[in-house]
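Since the structure comes first, as structure tokens, the remarks are kept for the end.
Atoms considered below: every heavy atom in the structure, side chains included; atoms not considered: hydrogens, waters and symmetry mates. In what follows, chains carry the letters A, B, and so on, assigned in the order in which the sequence lines appear, proteins first and then strands, with residues in each chain numbered from 1. Everything numeric here is computed off the predicted structure, so don't read it as measured data.
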Number of protein chains: 4
Amino acid sequence: MEFRDKQAIYIQIADYFGNNILKDIWKADEKVPSVRQLAVELEVNPNTVMRTYNHLQENNIIYNKRGIGFFVSPEAKKILTEDLKKQFIEVELPELYRKMKLMGITNDDLVEMLSKINA
Amino acid sequence: MEFRDKQAIYIQIADYFGNNILKDIWKADEKVPSVRQLAVELEVNPNTVMRTYNHLQENNIIYNKRGIGFFVSPEAKKILTEDLKKQFIEVELPELYRKMKLMGITNDDLVEMLSKINA
Amino acid sequence: MEFRDKQAIYIQIADYFGNNILKDIWKADEKVPSVRQLAVELEVNPNTVMRTYNHLQENNIIYNKRGIGFFVSPEAKKILTEDLKKQFIEVELPELYRKMKLMGITNDDLVEMLSKINA
Amino acid sequence: MEFRDKQAIYIQIADYFGNNILKDIWKADEKVPSVRQLAVELEVNPNTVMRTYNHLQENNIIYNKRGIGFFVSPEAKKILTEDLKKQFIEVELPELYRKMKLMGITNDDLVEMLSKINA
DNA sequence: GTGGTCTAGACCACC
DNA sequence: GTGGTCTAGACCACA
């Protein structure tokens, strides 16, 4: 994992978790790596991983079993999907619309541009 | 100005400038508000406005006439448009694509959603 | 046993013991479940149960007959009652008083609320 | 401020904030001490204070103005009151009831005990 | 072994 | 001056 600058590492790790869960790579009630283990893997300070885990736990994405570790919460996927949709509809879509209008990009142009990425 | 926003205030001001220029509200070689005046208007520290102006000047969006004030540079609109396009194609479009795929939104869905905003 | 709870598991088990004794479900000199048996029942590590038993033994709630098992100590009920009262008077009551004052709940309100639980 | 052991310092600081807001010592949109300042006052590491502030911010008790500091959120008092009530009704009241029953304390006994604290 | 908390000290962007 | 993030290292309780 290589970290983009500009965004906090602990957030990037959280996003990585979100993706893994949304893509069904990590399923409900599965154990996620321990704090120390992940810290070694990502070459990051354990505190930073801990911060990610706290963040995810507060948002009910993961939960903790005392002395055993962290696990993917059963509601994780639902929560992540809803958050994504809400963010998309309320923030990103209007912003996209605004920019398209500003640059004179039509819906057809947009679809064509997206097809090129696909290819 | 939204202090509670996560984006830097001086960037928010710069965006405001960009919009005004792109929408032809401010045209080439027109004078923009003075630092002090804008600081009072936006209820912001003058240093912060100065920072915006420096930033815009470095990017040739505005230019300075000593003792008179700042003016919209003739190339401003062109530069802003190009920046916008570059950012759009290289960053936002791929990100849009990624999220659509993650949420299972098709091109048709997207066009329909955009139409709803228009309405 | 609720692993996700913030309270230590061995304490939760100890509380469970205390309740059983106070409610006369387990009486003086009666045998309590073996460590292994209880560990299986509660789906808990035997070490954790052992820890509970050590804890209870230190507080004279249970005693041990070598090779036979653990038994409810004759003074168990008295000790538990006294601990409960002490904790109640010195810690919980003042805390209750503090919160009632903070929320503007009167003694009458409290009695009424308690009656509702009873019903 | 002297810290009780057993409970995390950053939580104790958060509780202290809650009390100050509930008692109207700190009012809506008032500035709270800066991270560094409070750290010095409480003789605690700034990271610990930061942790408290993050915690409070996530719960909309305080908000942040970039480069200026943290402020009491307008909804802070309402949120705190509701949390307190919810916790009281759903957790503490049933627990109180359970213990009273276990120890044979009547409503009248309870009221009398509370009066003694008052005196 | 697991997480949880805290300290110390550093560096950064921003106002 | 403000917050925000990260590292390094330590100590603790718990399973």
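Scanning all heavy atoms of the two residues, the minimum distance from P33(D) to Y53(D) falls at O-OH, 2.7 Å.
Taking K99(C) as the reference, E92(D) meet the salt bridge (charged side-chain N to carboxylate O under 4.0 Å, His left out) condition, with sequence neighbours excluded. By the side chain to side chain contact (heavy atoms under 4.5 Å, CB included) test, K31(B) is found to be paired with F71(B), residues two or more places apart in sequence or in another chain being considered. In this structure, the side chain to side chain donor-acceptor pair (under 3.5 Å) partners of Y63(A), at least two apart in sequence or on a different chain, are D29(A). T48(C) is linked by a side chain to side chain donor-acceptor pair (under 3.5 Å) to nothing, counting only residues two or more places apart in sequence or in another chain.
Heavy-atom distances to DNA chain F give each of R36(D) and Y10(C) a nearest nucleotide, and the one nearer the 5′ end belongs to R36(D). Nearest-nucleotide assignment on DNA chain E puts the 5′-proximal partner with P33(A), out of Q7(D) and P33(A).
S73(C) is not listed as a side-chain neighbour of I62(C), based on a closest heavy-atom distance of 4.5 Å or more.
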Less than 3.5 Å apart, which donor and acceptor atoms pair up between the side chains of residues 4-22 of chain A and the rest of the protein, not counting sequence neighbours?
residue: R4(A); atom: NH2; partner: Q7(A); partner atom: OE1; Å: 3.0
residue: Q12(A); atom: OE1; partner: R4(A); partner atom: N; Å: 2.9
residue: Q12(A); atom: NE2; partner: R4(A); partner atom: O; Å: 2.5
residue: Q12(A); atom: NE2; partner: Q7(A); partner atom: O; Å: 2.7
residue: N19(A); atom: OD1; partner: R98(B); partner atom: NH1; Å: 3.3

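Distance K6(B) NZ to dA13(E) P: 19 Å, rounded to the nearest Å.
For DNA chain F, the span of nucleotides reached by chain A at under 4.0 Å from its heavy atoms goes, 5' to 3', from dT5(F) to dA15(F).
Within a heavy-atom distance below 4.0 Å of DNA chain F, no residue of residues 13-20 of chain B is found. A heavy atom lying under 4.0 Å from DNA chain E marks the following residues of residues 63-73 of chain D, by number: R66(D), G67(D). DNA chain E is contacted by V44(D), N45(D), N47(D), T48(D), R51(D) of residues 42-53 of chain D, taking any non-hydrogen atom closer than 4.0 Å.
Remark: S34(A) OG to I68(A) CD1 distance equals 13.0 Å, nearest 0.5 Å. Here the CD atom belonging to E58(A) is positioned 9.0 Å from the CG atom belonging to N54(D), to the nearest 0.5 angstrom. Here the CD1 atom belonging to I89(B) is positioned 7.5 Å from the CG atom belonging to L93(B), to the nearest 0.5 angstrom. Rounded to the nearest 0.5 Å, atoms CG (L56(C)) and CG (N64(C)) are 12.0 Å apart.
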Fill in: Trace of the side-chain contact (heavy atoms from CB on, under 4.5 Å) decision for L102(D) with K23(C)
CA-CA 8 Å; L102(D) 214 51; K23(C) 288 178 181 168; 4.1 Å; yes
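Sorted by first and then second residue, the pairs that involve residues 65-89 of chain D and meet salt bridge (charged side-chain N to carboxylate O under 4.0 Å, His left out), not counting sequence neighbours, are D24(D)-K77(D). Judged as a salt bridge (charged side-chain N to carboxylate O under 4.0 Å, His left out), not a single pair has a partner in residues 41-56 of chain B (not counting sequence neighbours).
Not one N or O on the side chain of N59(A) forms a donor-acceptor pair closer than 3.5 Å with the backbone of I61(A).
With axes fitted over five pairs at each extremity, the angle between the ends of the helix from dG1(E)-dC14(F) to dC14(E)-dG1(F) is 10° (10° resolution).
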